[in-house]
Amino acid sequence: MTSSVPSVPTSRPALDGGVRRPAPHELLGLTSPAYGGDYNPEQWDEATFAEDLELMAEAGVNLVSLGIFSWARLEPREGSYELDWLVEIVGRLHDAGIAVDLATATASPPAWMATDHPESLPMSADGVRLGLGSRQQYCPSSTVYRERSAALAEVLAERLGDHPGVVMWHIGNEYGCHTAECFCPACARAFRAWLTDRYGDVERLNAAWGTDFWSQRYTSLEQVCPPAAMPTFHNPAQLLDWRRFSDHQLRSLIEAEARILRAHSSLPVTTNFMGDFPATDYWRWAESLDIISDDSYPNPADAAAAHEVAWAGDLMRGLADGRPWILMEQAPGAVQWRRRNSPKRPGQFLLWSLARVAHGADGVLQFQWRQSRQGAETFHSGMVPHAGRAGRTWDEVVATGRALKRLGPVLGE
Ligand code: GAL
């Protein structure tokens with residue numbers, strides 16, 4: 001891969017006469033599948049960064065996702081930005097021939113947003129405000145979250161949008177993974193506005209939702225609430241509209257960031273999908289994205305895991321209009337979040353990586369480059385495990401990098 005940014009190829013007609021979506025390898029100038037992972041150098045010291053560059057060269061890493069959870073470092077106080085460290089890291093990676101998929105860093109707001117704007121925190125269906133100290137603690141309708149995330153995307157795009165080391169934008173991270181729905185008052189207001197747009201007046205909503213059943217008839221749209229905790233079964237039409245609305249709120253966040261990025265930069269834009277995640281309408285989301293990318297964590301101990309690899313790959317190729325896509329995350333070994341976290345068996349990392357390429361992936365990236373030494377995912381595997389070069393994970397990471405490097409000829413096939 002060259003880490004200078006090629007111009008975006010113009011769309012060519014697809015076989016069915018529609019517009020042909022350029023493939024990631026065309027957009028990124030890849031000569032073999034991209035290989036790398038989430039990279040969080042702000043969690044490490046300078047000596048480790050220097051070692052990372054060496055190890056990345058050994059493993060054949062050519063693309064890393066940077067800044068996904070860096071908001072607190074980039075905007076430590078509201079409106080005050082510290083980007084120099086990130087610019088330096090992008091520059092040093094670029095000098096080492098490693099391109100950057102730059103995150104807008106809006107997946108996890110900093111502490112000040114929760115403490116100074118507590119209404120920005122999401123609310124569960126039981127009316128509990130979810131707290132700070134984990135991740136993704138924002139309400140998708142929150143004005144302050146929307147303003148601050150837009151401002152951060154703009155600052156990053158202005159500062160790094162034409163840096164030769166940055167080759168693509170990574171908006172947020174796994175939207176809806178933990179908080180696909182928020183039941184706070186701001187979301188209730190936004191839901192009513194969405195329903196007003198959809199139905200115009202309350203009688204049309206009553207007819208569509210069948211509210212004569214169980215005396216649910218409304219006399220004003222102002223009476224309608226999100227389907228929060230209730231005595232028994234929800235009205236299914238209300239639930240369906242709520243899910244459409246919740247999908248719309250998340251999608252509108254992506255669209256807002258994509259608009260800002262495109263105003264400042266010509267780089268392709270992605271956000272990482274989660275397979276057939278039921279809370280989201282990825283078919284509509286795909287319309288706003290230049291590159292379709294997926295995170296995929298089949299259970300290595302599940303005999304049917306190969307089906308999931310195949311299904312997710314085909315789904316992504318469908319979402320990409322039959323064109324290639326990128327595997328944005330997989331685990332090099334075990335995850336940490338199952339009741340039992342089986343490691344991948346010898347050869348399984350290579351097998352599943354090649355399977356993704358066979359299903360149209362132009363890149364194979366992992367969560368994450370270096371296994372954490374602290375935090376909630378300390379025992380989730382990394383390309384560089386706690387044991388470093390010792391042990392089979394590293395050998396398999398290097399072998400997979402070598403195998404992918406030889407696959408240039410199959411890109412786009
Ligand atoms: C994904 C997420 C990553 C990491 C990974 C491993 O869902 O995007 O940030 O948490 O799972 O658990």
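Atoms within a ligand are numbered from 1 in the order they appear, just like the ligands themselves. Reckoned from all heavy atoms, side chains included, excluding hydrogens, waters and symmetry mates.
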Distance-only donor-acceptor check, side chains Trp71 and Glu75, under 3.5 Å: yes
Region of His380 that comes within reach of ligand 1 [heavy atoms, distance under 4.0 Å]: side chain
Atom 7 (O) of ligand 1: the protein heavy-atom neighbour that sits closest, reported with distance to 0.1 Å: Glu174 OE1, 2.4 Å
Between His359 and Arg317: side-chain donor-acceptor atoms closer than 3.5 Å: no
Within 45° cone and under 6.0 Å: Arg373 NZ/CZ vs Trp44 ring: yes
Closest protein heavy atom to atom 1 (C) of ligand 1, given as residue, atom name and distance to 0.1 Å: Glu329 OE1, 3.0 Å
Where ligand 1 meets Phe69 - atom numbers and elements under 4.0 angstrom, heavy-atom basis: 9 (O)
Glu377, portion touching ligand 1 at heavy-atom distance under 4.0 Å: side chain
Nearest neighbour in protein (non-hydrogen) for atom 5 (C) of ligand 1: Tyr297 OH, 3.2 Å
Side chains of Gln330 and Ser353, donor plus acceptor under 3.5 Å: yes
Region of Met274 that comes within reach of ligand 1 [heavy atoms, distance under 4.0 Å]: neither
Contact with ligand 1 for Arg135, non-hydrogen, under 4.0 angstrom: yes
Inter-residue atom distance Arg192.CZ - Glu222.CD, 0.5 Å rounding: 5.5 Å
Ser120 and Arg148 side chains, donor-acceptor separation under 3.5 Å: no
Trp337 neighbourhood, listing ligand 1 atoms whose heavy-atom distance to it stays under 4.0 Å: 6 (C), 12 (O)
Check: Tyr282/Asp294 side-chain N/O donor and acceptor closer than 3.5 Å: no
Proximity to ligand 1 by part of Asn173, non-hydrogen separation under 4.0 Å: side chain
